[in-house]
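Below you'll find the structure, written out as structure tokens, and then a few comments.
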Amino acid sequence: MSYVRPKFRHPALPTNKLGYTVDYYEGSLSTLCAGCGHDSISASVIQAAFELNIEPHRLAKLSGIGCSSKTPAYFLSNSHGFNSVHGRMPSVATGANLANRDLIYFGVSGDGDTASIGMGQFVHVVRRNLNMVYVVMNNGCYGLTKGQDSATADLGSKNKSGQVNPFESIDLASLAIELGATFVAQSFSGDKAQLIPLMKAAIMHPGFAFINVISPCVTFNNNVGSTKSYDYVREHVEATATIDFVPEMKEITANYKEGSVEKVKMHDGSFIQLNKLAKDWDPLDKRSAVNAMMNAKEKGEILTGLLYMNPETKDLHHTINSTEKPLNTLSAKDLCPGSEMLKDINAEFR
Amino acid sequence: MSSSTKSTGSNGSAIKNSGINNFVVRFANVNGTGSASANHLFTKAIFRMGIPVTPKNIFPSNIQGLPTWYEVRVSEKGYLGRREGIDLLVAVNPQSMKADIASVRPGGYLLYDSSKKLNEEYLRSDIHYIGIPLMDMCNENYSDPRQRQLFKNIIYVGALAALFAIEFEVLEGLLADQFKGKEKLIPANVKALQLGGDYIRENFKYPLDMRVERRELLKDSILMDGNSACGLGAVYGGASVAAWYPITPSTSVVEAFMDYSATLRLDKETGKRKVAIVQAEDELAAIGMVIGAGWNGARSFTATSGPGVSLMNEFLGLAYFAEIPAVLIDVQRTGPSTGMPTRTQQSDVMEAAYASHGDTKHVLLFPSTPKECFDMTADAFDLAEELQTPIIVMTDLDLGMNDHISAPLQWDDKREYKRGKVLNAEQLEKIERFGRYKDVDNDGIPYRTYPGTHPTKGSYFTRGTSRDEYAVYTEDGNAYKKNMDRLMKKWETSKTMVHKPELYQEKNSSENGVLFFGTSAYSVEEAMDDLKLQGITLDALRIRSFPFNKTVEEFITSHKKVFVIEQNRDAQMKSIISIELQVDPNKLISILNYDGLPITAHHIALEIVKNLFTNKKVK
Ligand SMILES: Cc1ncc(C[n+]2csc(CCOP(=O)(O)OP(=O)(O)O)c2C)c(N)n1
Ligand code: SF4
């Protein structure tokens, strides 16, 4: 168990616009190993949802199987959760979203869950631009089955038993961009200052939002030689920018076009404010984002931050032209054509 | 075991009723030459003359070029199963000519394209040859090569119309319906029909002694395929989400749903659709989407066949254990593995009943007619939500892809969708603590909530891992067992909700009985009549669902021998009966057919007679 949560809450704990304190966004106690990167990510989800004033019951959290996929239990206990089967969360999320487009869909997966058994579903959920957040808690190994290499383990990295991984790794963020994801970010579980605004922006993004979070497995993959250990990642992160998510619906003009600050307008009028670090990188230009990632890879660095986004995006419901009204609210009157119509249909078969 | 194939061909003894409104015509075509609509025209004309008719597509798993057959049985008595023995064969495929000619019964007819002289080796002295220079006629009358190809088919339909005395106005009416909006195409088709008819009238004796005569035997019946009926059933049953992956023979279920939804589910004001249909990347994703939508309160379904059901196993187990409504239409084909993808079988029974690892059982429904396809698909959505579990509608290629005469589809406008035990915000407000897996009503069926219902009450974790009544993860053995026992109680409850079997003939009047399901019904009814003529009466019970209604057990108990008829090798239904019911398995005698073609009455009757009179030892 990672931590024991104190029962006591300070009465003056700040509340958000809905009047909730941050503990309203917590889940049950984590049963993951103490120090597991995944717990830090859960904490970021809690903070992001709190700051965005989300009604927890309007968010549905879905996952596959693995330590990472257990985490939805540890945040937003007033949300419905769905722990599906290994690697197949994307299809369940797709069905859920088709049934009710009015909820926020937050999917959690692991690198084993996504990059191996679930690769097919991952690829297609990106392609369909399902309006959801998809977080991969990427530790380069299988945690729950005790430390086997995953498909995101870097070539030449060592696992706990000292074996060297002989295969190329799959870079999920690059892949997501390649597949047409409209929001792609990368972060490190230990960097909440970066992760929280990314999560907020991802939640507000009207299409598929992918965040690959390097999240070291302290039990099976935190050893010398692993490129997903805490120390290695700390030493090799290179941020694209510091980002702020500005939820205000009206434009804030301060800082506009000053220095290296760039503002990206979201569909609902909110903004992402970028304080650029990386040179020659434009998060609205796919080619530029891909170049920056390739350069980082050559230098052995992990590029983090918002990598690419297209704020003008149309999600799956738009593509299939389904009603604004959630399908799960349609009544028999909407759905059933009635007996008169059936008479005509029968006539066609005579 | 199956002898049905052996008795096809030149075995004349299988033929008993050629004559007026009693014969079998087979068309031997090349796949992809446009023969399907011509052949359908022939069938539909007989149907419109009020005579029972049943067509069967016997086609290769291939898109173009290979031999394909279309068999039409006409039966005054309304026997709509497949019958062995060909009375007239339209042989226009040189590739299969030899086998086609051999399949005609002695005294039967062969209609062939006489543009080229028939090979010596194809000449049989015991059949009649009707040569029509189809290709020459086409070349003479049409300049476009594609037209030549297409009208060749229409010409032979015209010839058949003359031979069988099919009313020409009926054919014209059908063409008018077919080309509504494209009337320009009608005259050329009419001309082709006339060319064929005129050639027969000038050169042969017509009509034949076997021919059609108008009747009023069909009343308001329709001629429809089961897949279209399932697709419509899903529209009427209120499905708003469909996810699927193409596989023969189920593809046209979702295609029909799509077609009907395009008009019936269009919001006229906004131009938007009141339905979501997604072609998934595979069957795993298809059922996953169905489950996600079912969890979120939309009626959702998928359609597939054996290989797809295999892939869906893990997810079906999840839906069973996490108790999520889902509807699956399994149009069975010949297995195992890829088997014969375009041939029929009832061989997914076992895999569907117990799909997935662990102790699982699924509710299966077995329709026999297009009307039942419609009804059972619509019912499946009620059952899935009431029972919070997957419901699998088990049809097969024969029912799904062939036209069948059926009672018209009906809908009661007073009918309301049964959405099952779902708590809304007000109801949750009144509850101290919501227990997702609590057996409140002592029927094994718990209450559920849709995501997003209430800010603080009713949310829970859906998972395939063991949990307590409040959906909290636990590995406590007692909690697990309690939950599994509750699922078993729910199974018992489901027995009172699923479709009851149908009893044929006098109730328990005979010593022996027959159990069957699905498309075997057509041939069983005929076999029972045939046996009666030979002085053998049997009671017959058609199973319409799994779990079995109590009557199935009573039926077996009250008979000395019970023949279980099914279209698979391993007697899957018989096995399930033996597993699930307290009956003496030695009483059950299998009659099986698994050659990929629909079972025939002749085969059933023969096996029963053999067992009752020749085989003194009961297997
Ligand atoms: C079909 C199936 N195959 C295998 C497993 C076993 N399994 C459980 S978790 C897991 C790997 C999880 O790894 P990852 O997604 O990286 O998550 P982590 O535990 O590292 O967070 C595997 C292989 C399973 N549950 N289901
Ligand atoms: S095994 Fe690794 S991934 Fe799993 S909880 Fe422990 S530290 Fe985290």
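By convention in this document, chain letters (A, B, ...) are assigned in the order of the sequence lines, proteins followed by strands, and residues within each chain are numbered from 1. Because the structure is predicted, anything quoted here is derived from the model rather than measured. The analysis underlying the following values was restricted to heavy atoms, covering all of them including side chains, and did not include hydrogens, waters or symmetry mates.
Classification of the A:Phe210-A:Tyr134 ring pair by plane angle, with boundaries at 30° and 60°, yields tilted.
A:His317 places a side-chain N or O within donor-acceptor distance of the main-chain N or O of A:Asn97, the cut-off being under 3.5 Å. In terms of modelled atom types and a separation under 3.5 Å, the side chain of B:Lys457 and the main chain of B:Glu429 share a donor-acceptor contact. Judged by distance alone, with hydrogens and angles left aside, the side-chain atoms of B:Asp413 form a donor-acceptor pair with the main-chain N or O of A:Ser339 at under 3.5 Å. One N or O on the side chain of A:Arg350 and one on the backbone of B:Asp220 form a donor-acceptor pair closer than 3.5 Å. Here the side chain of A:Asn16 pairs no donor or acceptor atom with the backbone of A:Thr21 at under 3.5 angstrom. Between the side chain of B:Arg299 and the main chain of B:Gly237, a donor-acceptor pair closer than 3.5 Å is present. Listed for the A:Tyr25 side chain is a donor-acceptor partner under 3.5 Å among the backbone atoms of A:Ile54.
For the options B:Pro451, B:Ala322, B:Ala276, B:Gly297, heavy-atom pairs under 4.5 Å to chain A are most numerous at B:Pro451. Comparing B:Ile277, B:Val275, B:Asp267 by how many heavy-atom pairs each has under 4.5 Å with chain A, the most go to B:Val275. When A:Leu327, A:Leu98, A:Thr94 are compared by the number of non-hydrogen pairs under 4.5 Å with chain B, A:Leu327 comes out ahead. Each of B:Ala298, B:Gly238, B:Gly452 has some count of heavy-atom pairs under 4.5 Å with chain A, and the biggest count is that of B:Gly452. Of the listed residues (B:Val235, B:Thr270, B:Val290, B:Thr465), the greatest number of heavy-atom pairs within a distance under 4.5 Å of chain A belongs to B:Val235. If you tally non-hydrogen atom pairs under 4.5 Å between each of B:Gly317, B:Ser261, B:Ser459, B:Ser228 and chain A, the highest count goes to B:Ser459. Chosen from B:Tyr260, B:Phe47, B:Tyr460, B:Phe461, the residue pairing most often with chain A at heavy-atom distances under 4.5 Å is B:Phe461.
The cationic group of B:Arg467 lies under 6.0 Å from the six-membered ring centre of B:Tyr437 and within 45° of the ring axis, placing it in a cation-pi geometry.
Contact of B:Thr453 with chain A is made through the backbone alone, with heavy-atom distances under 4.5 Å. Neither the backbone nor the side chain of A:Met89 comes within less than 4.5 Å of any heavy atom in chain B. In this structure, chain B has no heavy atom under 4.5 Å from any part of A:Ile65. Interface residue B:Ala285: backbone and side-chain heavy atoms are both found under 4.5 Å from chain A. For a residue to count as touching a neighbouring chain, one of its non-hydrogen atoms must lie under 4.5 Å from one of that chain's; by this rule A:Leu59 does not touch chain B. In this structure, no portion of B:Leu266 lies under 4.5 Å from any heavy atom of chain A. If you measure heavy-atom distances from B:Leu174 to chain A, you find no contacts under 4.5 Å at all. Looking at A:Pro90, neither its backbone nor its side chain comes within 4.5 Å of chain B, counting heavy atoms on both sides. Residue A:Pro56: no heavy atom, backbone or side chain, is found under 4.5 Å from chain B. Both the backbone and the side chain of A:Ser322 come within less than 4.5 Å of a heavy atom of chain B. Using a 4.5 Å cut-off between heavy atoms, A:Thr329 does not touch chain B at all. Contact of B:Val472 with chain A is not made at all, since no heavy-atom distance falls under 4.5 Å. Residue contact with chain B, scored on non-hydrogen atoms closer than 4.5 Å, involves the side chain of A:Arg128 exclusively. Proximity to chain A is limited to the side chain of B:Leu318, based on heavy atoms less than 4.5 angstrom apart. Interface remark: A:Leu103 contributes side-chain atoms only to the contact with chain B (heavy atom separation under 4.5 Å).
Closest of all the heavy-atom pairs between A:Val92 and A:Ser84 is CG2-CB, 3.8 Å.
Annotation: B:Glu416, atom CD; neighbour count of heavy atoms from other residues, nucleotides and ligands within 6.0 Å does not exceed 12.
Ion pairing between a basic and an acidic side chain is recognised when a charged N comes within 4.0 Å of a carboxylate O; A:Glu348 and A:Lys343 show no such pairing. Between B:Asp382 and B:Arg415 a salt bridge is recorded (basic side-chain N to carboxylate O distance below 4.0 Å).
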